[in-house]
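Each remark here refers to the structure printed beneath this line.
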Amino acid sequence: MKPRTLTVEQLRALQGVTGSKRNKYGAKKTGSHASGKEHDRAGQLKLWQRAGLISDLREQVSFTVIPTQRDADGKLIEKCTRYIADFVYKDREGNTVVEDTKGFRTPEYIMKRKLMLKEYGIRIKET
């Protein structure tokens with residue numbers, strides 16, 4: 001008897017794998033957020049903003065920590081490196097707070113956290 005061949009899609013369907021890529025640290029996307037923890041924190045911060053405890057709440061704010069590098073002719077050598085904060089808001093005293101919801105601190109995140117402090121003088125609040 002000849003073995004049956006399956007397409008990749010058929011094999012994925014049999015294994016229960018969907019087309020979306022799984023997060024390598026096991027976080028499950030919730031709503032428009034990268035994890036349930038981030039989703040819950042967003043809800044809490046939105047409530048705080050409505051209560052007047054914080055203001056100017058923004059999500060997924062991009063900071064350039066290493067600028068684009070070009071040669072003398074303007075040719076791209078290296079693209080910029082960005083840190084994307086989960087949340088940025090102002091506290092009651094008017095201080096800007098940059099916050100990241102972390103389940104796991106990757107070496108890449110730790111490096112970007114250090115660059116944020118060096119380049120902007122910003123200490124990231126981790127929740």
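Computed over heavy atoms, backbone and side chain alike; hydrogens, waters and symmetry mates excluded.
For the pairing with Tyr83, the side-chain contact (heavy atoms from CB on, under 4.5 Å) check across Thr64, Ile124, Ile122 returns one residue only, Ile124. Just one of Leu115, Val88, Ile84, Thr81 meets the side-chain contact (heavy atoms from CB on, under 4.5 Å) condition when paired with Phe63; it is Val88.
Between the OG1 atom in Thr127 and the NZ atom in Lys37 there is a gap of 6.0 Å [rounded to 0.5 Å]. A distance of 8.5 Å separates CZ of Arg123 from CZ of Arg113, quoted to the nearest 0.5 Å. Put simply, OG1 on Thr101 and CG on Asp40 are 9.5 Å apart, with the number rounded to the nearest 0.5 Å.
Counting only distance, with no hydrogens or angles, the side chain of Asp91 and the backbone of Glu93 share a donor-acceptor pair below 3.5 Å.
Within 6.0 Å of atom NZ in Lys114, 12 or fewer heavy atoms from other residues, nucleotides or ligands are found, so the atom counts as exposed in its surroundings. Atom CZ of Arg70 is surrounded by more than 12 heavy atoms from other residues, nucleotides or ligands within 6.0 Å.
Follow the hydrophobic side-chain contacts under 4.5 Å out from Val65 and you reach Val61 in the same cluster. By the criterion of side-chain heavy atoms lying less than 4.5 angstrom apart, applied directly or through intervening Ile, Leu, Val, Met, Phe, Trp or Tyr residues, Tyr120 is grouped together with Val98 in one hydrophobic cluster. Side-chain heavy atoms closer than 4.5 Å link hydrophobic residues (I, L, V, M, F, W, Y) into clusters, and following such links, possibly through other members, connects Ile66 to Met111.
Closest approach of Leu53 to Arg92, counting heavy atoms only: CD2-NH2, 2.9 Å. Closest of all the heavy-atom pairs between Tyr89 and Leu45 is CE2-CD2, 3.9 Å. Arg82 and Lys112 make their closest contact through O-NZ, 2.8 Å (heavy atoms, listed as atom of the first residue, atom of the second, distance).
A salt bridge does not link Glu59 with Arg41: none of the charged nitrogens is closer than 4.0 Å to a carboxylate oxygen. A salt bridge links Asp100 to Lys102: one of the charged nitrogens lies within less than 4.0 Å of a carboxylate oxygen.
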- Task: Apply side-chain contact (heavy atoms from CB on, under 4.5 Å) to Ile54 and Gln49, showing your working.
- Result: CA-CA 5 Å; Ile54 64 170; Gln49 182 165 260; 4.0 Å; yes
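For the residue pair Lys79/Thr68, the side-chain donor-acceptor check at 3.5 Å is not satisfied.
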